[in-house]
Amino acid sequence: MLGGKKLSAGDKNKRRPSSSIQILRIRTQDLTTGRIELGPDSGFSSDFTHQDFQLFDFTHQDFPFPNVQYEIIIFSRIPFPNLFSWNTLIRAHAAGPDPRLALLLFARLLSDGPDDPDKFTFPFAIKAAAALSALREGAALHGMVVKSPFFSSDIFILNTLVHFYAACGDSGLALRVFDNIPSRDVVSWNSMINAFALGDRWDDALRLFEEMQRENVMPNDVTMVSAASICGKKCDLELGRRIHAYIQRNDDIEASSILDNALLDMYVKCGSLEDAELLFHSMNTKDSISWTTMLVGYCKLGHFHAARHLFDQMPDRDIASWNALISCYEQSGRSKEALDLFHDLQQADVKPDEVTLVAALSACSQLGALELGCWIHAYIKKNSFALNFHLTTSLIDMYSKCGDLEKALDVFESTKNRDVFVWSAMIAGFAMHGEGKEALDLFEQMQEAKVKPNGVTFTNLFCACSHAGLVDEGKLFFSKMLPVYGIAPNAEHYSCIVDILGRAGLLEEAKECIRNMPMPPSASVWGALLGACAIHRNVELGEHACKHLLKLEPRNHGAHVILSNLYARSGNWNAVARLRKSMKDSSLKKEAGCSSIEVQGVVHEFLVGDISHPLKEKIYLQLDEIASRLKAVGYVPDKKLVLQDIEEDAKERALSLHSEKLAIAFGLISTSSPAPIRITKNLRVCDDCHLVAKLVSGIYNRDIILRDRFRFHHFTGGLCSCMDYW
DNA sequence: GTAGGGTTAG
C-alpha cells in the first residue's frame, strides 16, 4: 500500500522498478490497524515485482548466506509463492548484508502476500529490525503482535522482541516485554540477562541470573557465556572463577568454543594471565577468536614480546588478529611498532579493513606522521572504502594532529553525514590550533544541524576557550551544560574550567570552583590548578595543589616537574634540590622529552642531547650556526628552567640540546622552503624552545609547526600563533 | 519443510 491506497495489479506492471531501496517507514498510526504501511517519504515505490529481486546486487563478497541469490531466482520464478517461501526469503534477508530488504518484503507480504504473516514470519522480521536498530519499525511489529490473540503470548516472538529492544539500546523496554511473558523459558532469561549486559546494567543482569535459578530455570551454555562476559566487564575475577567452576561441575552445560572463548576473555579482562593461559592451553579447539583474545591479554598487560610470539605462531590469522595487535601497539603509545606492523600486513598482502585503517591513522596522529596519514587517505579513496563516521573522525583527527588543519577541514566539509564525533573532532582540531572563534562557530553550526553535543564536545570546546583565552565564553558554556544540554559536568570538565580560569590568572575563582565540585576533585583538576600556579608564579597555592595531586597520584612525575619549575622560576634552588632528592628517592624519573620529525615518510626521533642520528655531525654544526645567529640578534638563553642547580655554561648547553632544537636543526638541513618544518613533541614545549622557534622562523624565513603535548604552535616571521598564551 | 538467546579488533 502506498499513501493509504491499495494498488491494483495493473498499477504494478505499469511502473518502473525502483533503483534505490531505502528503509521503509512505518507510521505509528498504523499500529491501530495492525497493518504496516509505507510512508510517502520511504523512497520505496511499490512497483516492485518479484523479477526485480534479480536486479539487486547480491554479489557482495562477504555475503553470509550463499544460497540467497539462488533462492531469489527460485522465488522470482514461482508464480504464486506461498507463505513458506516468503518466510524463507525474509529470514535470508534478515541475516544478510541488507536487512532492510527483509522489512521491505514484510511490508510487501502484507499488501500482496497470499496470507497474513504467521508466527514464523514475525521473529524473522523483528530480527531484521534488531539488526538495523530500527526502533520505530520494530515497535510497529510489536504493535501488530500485541493485538493478535495468536501471537501476543508466543514465546518465540516475545523472546525476539526482548532481544530487539536490547539491540536498540533500551533495556527498559526489553524488561517490559520480559515481565509480560506468561511462561518464560531459558531463552527468555538469557535474552533479558543479555539486554541488561548490553545496557551496562551488570548488577541487574547478575540479579536476574540468580533469580532465574531461584525460579528453577536451569542456566545453559548461553547463560554462562553472558555471565562470564559480565564478570569480565565488571573485572570480578572471583565471581568469574566461580562461574568457571560451576560450568566444570555441571555436565548438562554443553561445552562450546564460544563458551571457552567467553571465559578466556573474562580472565583477560580481569587481568589474570595465569588463568587465561591455563584455560587456553587446555582448550581442544582454538579458533581465531581464542588466539586473538589471548593475544589481547598479553598486549594489555604489556607483554609485547609474548604477544608478538603468539601472533607469529597463530595457525590462521584473520584481519581481527592483525587489528588486535596493531591497536594494542597504538593504544600503548607504541605508534612506531603499530605502523611497522601495518606495513607487514601490506607486505603479507592482507587487505586492511576499516578498523585497521582507524588504528593506523591513530598511530599517525600520535607520531605526527603526516605523509603516511596522507597515503592512507589516498588508499581509502583508491580502494573506495566507504567513509563511515569512524574513518571520517580518524581522518579529521589525523590531519589536525599532524598540523594540517586545512586538510582536516577539507575532509569535514566533504562529508555530508556528520555525527557528534565528526563534529567534535573538527572542534578539537580548531581548538588545538588555537582557533577558538572557529571552534565556537562550528559548535553553533552543529546545533543548527540538530546534532546533540555530548560530554566530549564540551571538553573540546573548553579546550578551544582555554587556548584562545576565551574566559567568558568558557564560563558561559560551563553554566549551560546541565540546564540547556542535559549533560552533567564530570571531573574532566571541571579540570577544563579550572584550567581556563587559572590560565587567565583568576586563581581564586578556580579555587572556588574546585570547592564547589559535586564530586571529589580528581588529580587532573589539581593538575590544572598547579599548571596555572606555575604560569602565574603562585608558589603557595601551587604547593597546595601539588600536595593534593600527589595524594591521589604519588607517582605523578609531571607534578614534581611543574612544582620544580615553579620553584626554579622564583629562584628557590633549595626547594628544587629537595624536590629532586625526593623524586630520586622514590625512583621517579622525569619523562624524557622526545621530538619527532617526518622526512619523506620516515619518522626521526630525537631525545635531549641525542647523538644517535646518522647525520649527527651536520645537525650539531647546524645547531652552532643557529646559536651564533640567535646571539647576533640579542637572544639570551632562559636558564631558569634547567632543573639542576649546575654551572651556568653547562645549563646553557643542556638548554641548547633540547630535543625540539635538535629536530629544528635537522628540519633545516633536510627539508627546504617553502615546506614548513613539522615537529611533534611528547611534552609541553619549554619557554626557551618556544622563543628559539619564534626567532628561527624569522631569521631563516621558515615556518615551523610544532605540536606539543597540548596544542599546536605555528611559528612564522618571528611570531607564534599562540600569542605566547599556552 | 521455516522460529528465539552468546565470544575477539574499534
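Computed from a predicted structure; not experimentally measured. A, B, ... follow the sequence lines: proteins, then strands. Residue 1 opens every chain.
Within the cation-pi definition used here (under 6.0 Å to the ring centroid, within 45° of the axis), A:R317 does not qualify as a partner of A:W291.
Closest to the side chain of A:N194, from the set B:dT8, B:dG4, B:dG6, is B:dG6. Here the nucleotide nearest the side chain of A:V358, chosen from B:dG10, B:dT8, B:dG1, is B:dG10. Closest to the side chain of A:H390, from the set B:dT2, B:dT7, B:dG10, is B:dG10.
Enclosure of atom CZ in A:F151 by more than 12 non-hydrogen atoms of other residues, nucleotides or ligands within 6.0 angstrom is indicated.
Heavy atoms of A:D318 sit nowhere under 4.0 angstrom from any nucleic acid atom.
Annotation: salt bridge (charged side-chain N to carboxylate O under 4.0 Å, His left out) contacts of A:K127 (sequence neighbours excluded): none.
With no hydrogens or angles considered, a side-chain donor-acceptor pair links A:E277 and A:Y298 at under 3.5 Å.
Ring-to-base geometry places A:F156 in a stacked arrangement with B:dA3 (centre distance under 5.5 Å, plane angle under 30°).
Between A:F304 and A:Y329, the ring planes are parallel. Angles under 30° get that label, and only those over 60° would be called perpendicular.
In summary, the aromatic rings of A:F106 and A:W86 are positioned with their centroids too far apart to meet the 6.0 Å limit.
Against DNA chain B, the stretch residues 159-178 of chain A makes heavy-atom approaches under 4.0 Å through A:N159, A:T160, A:H163.
Taking atom NZ of A:K127 as the reference point, atom C1' of B:dA3 lies 9 Å away to the nearest angstrom.
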